Amino acid sequence: MVKIKYNEKEASDMVRAFCDYVFWLRSVHYACKQLFEDKNAHILMEKTAKSFFVDFNKIIIEYLLLEFTKITDPATTYGKENFTVNNIIESIDWPKNIEKELCIIGCETEKFRCYLKTARNELLAHYNKKTFLSNKTLGIFPSGEDEKFLNSLEEMCQLMH
C-alpha cells in the first residue's frame, strides 16, 4: 500500500467519501431508532402493517450490523484494499499527532466490532449452516454502544478534516 500525502487531492477525496459514508450510516441508524424504538411509531406500525414492519426491522438491523462490520474490516484482505477505518488511517500519510489520535479512535471502533464479528461471519455475510439452523441471535451489544461507535466515526471525520 502506497501512502498518500494527507494534503493531496486523492486523500481529500478519500476523506470526503469516508465521511459521507459515516453520515449515511448515522442517517440509517437514526431512521431505525425513530421507527423501531419510539413507542408511538411502534403502535402506529403495528396497527397499519405489522408483518411488513417486523420484516423491515429485521432487514434494517441486519444491514446496519453488516455495514458496521464492513467499515471496521482490516485495511486489506487477500492483498486488496478495503475502504475501512484501518485503511484510511494506514493509506494516508497523516501528521504524527493526527495519526496517533486516529489510531486511538480506531481502537475504539474495533471494540464495537468485537460484538458483531461472529454475527457477520456466521449470519450476515453468509450463512453458517449450524448457526442458521440453531436460530441463534448474534450481534447483541450493550445499550448505547452503537451510539459510541457512531460518535467515534464522526470524531474521526472531524479530526481528518
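None of the values given here were measured: they were computed from a predicted structure. Just so you know, these numbers use all the heavy atoms, side chains as well, and skip hydrogens, waters and symmetry mates.
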Show, in sequence, the C-alpha distance, side-chain angles and deciding distance for E108 and K111, and conclude whether the salt bridge (charged side-chain N to carboxylate O under 4.0 Å, His left out) test is met.
CA-CA 5 Å; E108 290 301 312; K111 289 177 187 175; 3.0 Å; yes
Are I98 and M156 linked, directly or through intermediate hydrophobic residues, by side-chain heavy-atom contacts shorter than 4.5 Å (ILVMFWY only)?
yes
What distance separates T109 OG1 from N86 CG, expressed to the nearest 0.5 Å?
6.5 Å
Kindly compute the distance separating OG1 (T72) from CD (E67), expressed to the nearest 0.5 Å.
10.5 Å
Evaluate whether atom CD of E62 has more than 12 neighbouring non-hydrogen atoms of other residues, nucleotides or ligands under 6.0 angstrom away.
yes
Please report the shortest heavy-atom distance between G139 and A119, naming the atom on each side.
N-CB, 3.6 Å
Is a donor on one side and an acceptor on the other found under 3.5 Å between the side chain of T131 and the backbone of E122?
no
Can you find a heavy atom in the side chain of H29 that is under 4.5 Å from one in the side chain of L25?
no
Looking only at heavy atoms, which two atoms of F53 and T48 are closest? And how far apart?
CE1-OG1, 3.9 Å
Mind checking whether V28 and L35 sit in one hydrophobic cluster, side chains of I, L, V, M, F, W, Y counted as touching below 4.5 Å?
yes
Under a 4.5 Å side-chain heavy-atom rule over Ile, Leu, Val, Met, Phe, Trp and Tyr, are L153 and Y115 clustered together?
yes
Ion pair check, D13 and K9, cut-off under 4.0 Å:
yes
Is the backbone N or O of F83 less than 3.5 Å from a side-chain atom of N87, with the two atoms forming a donor-acceptor pair by type?
no
Member of F112, Y63, F141, Y21 meeting the ring pair (Phe, Tyr, Trp, His ring centres under 6.0 Å) criterion with F68
F112
Salt-bridge test for R26 and E154: reply yes if a basic N is under 4.0 Å from a carboxylate O, no otherwise.
yes
Report the C-alpha distance between T77 and N82 in whole Å, list the side-chain angles of each, state the deciding distance to 0.1 Å, and finish with yes or no for side chain to side chain donor-acceptor pair (under 3.5 Å).
CA-CA 7 Å; T77 307; N82 298 318; 2.7 Å; yes
Nearest-0.5 Å distance that lies between atom CE in M160 and atom CD1 in I89:
8.0 Å
CG/L159 to CG/L102 distance, rounded to the nearest 0.5 angstrom?
4.5 Å
Quick test of your reading of the model: are K3 and E99 salt-bridged, counting only N-O distances below 4.0 Å?
yes
Going through the distances and angles, do K117 and N121 end up as a side-chain contact (heavy atoms from CB on, under 4.5 Å)?
CA-CA 6 Å; K117 191 173 178 188; N121 294 343; 3.6 Å; yes
When rounded to the nearest 0.5 angstrom, what distance separates CG in L123 from CG in L116?
12.0 Å
Identify the two heavy atoms, one from A41 and one from Q34, that lie closest to each other, and give their separation to 0.1 Å.
CB-O, 3.6 Å
Rounded to the nearest 0.5 Å, what's the gap from CZ on R16 to SG on C157? Could you check?
12.0 Å
Below 4.5 Å, heavy atoms only, C-beta onward: do M14 and I4 meet side chain to side chain?
yes
Would you say the side-chain atoms of R120 pair up with the backbone N or O of L66, donor to acceptor, closer than 3.5 Å?
no
Between A75 and T84, the two heavy atoms sitting closest are CA-OG1, 3.8 Å
I need the minimum non-hydrogen distance between K5 and I92, along with the two atoms involved.
C-CG2, 4.4 Å
Check this for me: does any side-chain nitrogen of one of K33 and D146 sit under 4.0 Å from a carboxylate oxygen of the other?
yes
Would you say the side chain of D93 lies within less than 4.5 Å of the side chain of Y6, judging by non-hydrogen atoms?
no
Between C32 and I61, is any pair of side-chain heavy atoms under 4.5 Å apart?
yes
Less than 4.5 Å apart, any side-chain heavy atom of V54 and any of K58?
no
Does L150 belong to the same Ile/Leu/Val/Met/Phe/Trp/Tyr cluster as F23, with side-chain heavy atoms less than 4.5 Å apart forming each link?
no
Stepwise, does the side-chain contact (heavy atoms from CB on, under 4.5 Å) test hold for I71 with V22?
CA-CA 9 Å; I71 201 168; V22 168; 4.2 Å; yes
Under a 4.5 Å side-chain heavy-atom rule over Ile, Leu, Val, Met, Phe, Trp and Tyr, are F132 and L65 clustered together?
no
